[in-house]
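Only one structure is covered here, and it is reproduced in the block below.
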2 protein chains.
Amino acid sequence: MPTLDDVARLAGVSRVTASRVLNGTYPNKVSESTRERVRAAVAELNYITNVPARALRSKRSMQFGLLIPDLAFSFMPEVVQGLQDIASKMDYGCLIYLTHDQPQQEERSLSTLIGRRVDGLIWMPTAHPTERTRTLQGTLPTVTILVTPEGTSVPSVLIDQEEGGYVAAKHLLELGHRRMTYMYVDHRHWQQRRVGYRRALAEYGIADAPFYYTQVPKMDWHESLIIARQLLKSPTRPTAVIAASDVVALAVLRAARELGLQIPKDLSVVGFGNSSFSHQIELPLTTVDHPKRHVGQVAMQGLAELLGGNTIENTVLPVTLVKRLSSGPPQAV
Amino acid sequence: MPTLDDVARLAGVSRVTASRVLNGTYPNKVSESTRERVRAAVAELNYITNVPARALRSKRSMQFGLLIPDLAFSFMPEVVQGLQDIASKMDYGCLIYLTHDQPQQEERSLSTLIGRRVDGLIWMPTAHPTERTRTLQGTLPTVTILVTPEGTSVPSVLIDQEEGGYVAAKHLLELGHRRMTYMYVDHRHWQQRRVGYRRALAEYGIADAPFYYTQVPKMDWHESLIIARQLLKSPTRPTAVIAASDVVALAVLRAARELGLQIPKDLSVVGFGNSSFSHQIELPLTTVDHPKRHVGQVAMQGLAELLGGNTIENTVLPVTLVKRLSSGPPQAV
DNA sequence: ATGAAAGCGCTAACAA
DNA sequence: TTGTTAGCGCTTTCAT
């Protein structure tokens, strides 16, 4: 693999001059003829810059770390696309590490990322990062996505969960529903949804009773199915369900089907996420769209700002209700 | 950020000795007391090895490149999980680049990866890589996944598509279907499926007629829906459809619903991929499972072998038919 | 068992 | 406009 010295030799110039031509430093302070010879040498040798070597000298690795729980986590793929949209334009490489939501993995990966001297970090933290994780993170320009780590002030790109809870509930309330429940997962990440949900209920003068909340242990189809079955079997079953995610919504639809309930006549269902399957399934799902790709783009742009020495504000991206066929007016009683 | 020299100084040894302790080179040729002092210094300074610097000297970056069309491509997330399962144990970092199926992007990314001196490459090629892409790839230990690039002999990890086509068709034939069609996408990647499909038909003495093949321009729900509508409206419509993917299968289910066809009474549907939603949807889909995570694991293990100087064989991983509710015997005529 | 010297490939700082 | 010198942080080689 040819080095810059090889190029320089072939072009009959010094290594430094070759470097200058390649990096466009010193705009016009290299003569045209020299530039030409260097370029010719580069082409002839198929020279490709050794980026890590450059990084060692110039203190910028041109890589950032992406530290996330899981790619399977519904919309991560799209977030990553968004990051790459911007990163590739900046010639930034993306080093990806998964935590599987385990603080220990997270700490280890973060440590590794620092060892690899990434210039910055895009991070979706676990629920309870270790103390050491926080310390390590503090040494690195960081943008968190989707979640803010407890008690720190790292710039973050969030989705307007409060509004999500609000629009979902408002939609159902407007349709005339009064007996509804929010199948929620108790995680810091989604707490604000409950706030928005409650706000909508309050607007319609509905008292905040336990009936309106149904907890699901985690974002899992099976677990949700069990809960949904219980819920819908009850004689006082709700006329509408807001599901913690589109996958949870699928579980509700399944339970409804098992019990012979018609959607949306007997039961309205609203999901979260606008996953690709949500409009492809047999009965298109009403859902709250999340600007996934946008999260990635904004996060990467934010990181670029940080790397440029600027400071950035937190960003909260808006959600949109997508009305489809799984929601409608409740049956006349 | 502390360097090895800082550690050495604090421990009162030379840089070289510190390096030896950290890397475990020279098994027992460093005295226990020295090791102890070095370790103490590392802990005190929170020293983390500068991996790129080490790489520069030792010629191994401990990073590999992952070059794939797209993360949204249904099962990529799981493949990546598989890669990481192995890579993280080997302390290998994963630099991810997307091609969006564009040969130019692919060439550019590959070039960048080489510039970053990755030790190896895991690659799902576009349909027609450029000449330069092939040349560049030739310089790098590579394992391709899911597709073999035309006319080259790069070791690859594939899924047994032929068998996939076969078991899908066989399943339907055993159920008694005779008028079926395979909604295929004409891409090198999936050509072998047609072969397996045809093999099953032949076993049942069915002549290979155009009726048995319905082309879909690409793996896209909308496009598939349009085709599926035409297909199912025909008076000579098939009693069973094998869809090119689970998403295409969703389109078929939708079209069937629109036309009032009962599944599986009026129409059986088989998908490919066993996507997570395939068993979560209202009517669980019969589908051919692909060992996605396994693909990643085997690919990474293969790359490890290559990096160790060994040669490896191509691997073809088996598929499994998952029978669910979308397939059944055809209605008596 | 430890260290000194050299150098991986590159760029920053200074000279000319 | 170009080159020289130095050194980023580490490991390899050779010496002791």
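A, B, ... follow the sequence lines: proteins, then strands. Residue 1 opens every chain.
Scanning for salt bridge (Lys or Arg N to Asp or Glu O under 4.0 Å) contacts around A/Glu36 gives A/Arg39, with sequence neighbours left out. By the salt bridge (Lys or Arg N to Asp or Glu O under 4.0 Å) test, A/Asp101 is found to be paired with no residue, residues two or more places apart in sequence or in another chain being considered. Shown here are the side chain to side chain contact (heavy atoms under 4.5 Å, CB included) partners of B/Pro129, two or more places apart in sequence or in another chain: B/Glu106, B/Trp123, B/Pro125, B/Thr126, B/Thr133. Residues passing the side chain to side chain contact (heavy atoms under 4.5 Å, CB included) test with B/Ala304 are B/Met90, sequence neighbours excluded. Looking at residues two or more places apart in sequence or on another chain, you find no salt bridge (Lys or Arg N to Asp or Glu O under 4.0 Å) involving B/Arg117. When the side-chain hydrogen bond (donor to acceptor under 3.5 Å, both in side chains) test is applied to A/Ser61, the partners found at least two apart in sequence or on another chain are A/Asp119.
Near-neighbour residues of DNA chain C inside residues 107-114 of chain A, defined by a heavy atom below 4.0 Å, are absent. Taking a 4.0 Å limit (strictly below) on heavy-atom distances, residues 55-63 of chain A reaches DNA chain D at A/Leu56, A/Arg57, A/Lys59. Proximity of residues 13-21 of chain B to DNA chain C (heavy atom under 4.0 angstrom from any strand atom) is restricted to B/Val13, B/Ser14, B/Arg15, B/Val16, B/Thr17, B/Arg20.
Residue B/Asn50 places none of its side-chain N or O atoms closer than 4.0 Å to OP1 or OP2 of D/dC8.
An end-to-end axis angle of 40° holds for the helix from C/dA1-D/dT16 to C/dA16-D/dT1, taken from five base pairs per end and rounded to 10°.
Heavy atoms from other residues, nucleotides or ligands lying under 6.0 Å from CD of A/Gln104 number 12 at most.
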Discussion item. Could you go through B/Val80 and B/Leu71, starting from their C-alpha distance and side-chain angles, then the distance that decides it, and tell me whether this counts as side-chain contact (heavy atoms from CB on, under 4.5 Å)?
Written reply: CA-CA 9 Å; B/Val80 176; B/Leu71 271 174; 4.2 Å; yes

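First and last contacts of DNA chain C with chain A, using any nucleotide atom under 4.0 Å from a protein heavy atom and ordered 5' to 3', fall at C/dG9 to C/dC14.
Of the inter-residue distances, the one linking B/Arg132 atom CZ with A/Asn46 atom CG reads 5.0 Å to the nearest 0.5 angstrom.
In this structure a side-chain-to-backbone donor-acceptor pair under 3.5 Å is present from A/Arg37 to A/Ala11.
Applying the salt bridge (Lys or Arg N to Asp or Glu O under 4.0 Å) test to every pair with at least one member in residues 63-84 of chain A, sequence neighbours left out, gives these pairs: A/Glu78-A/Lys292.
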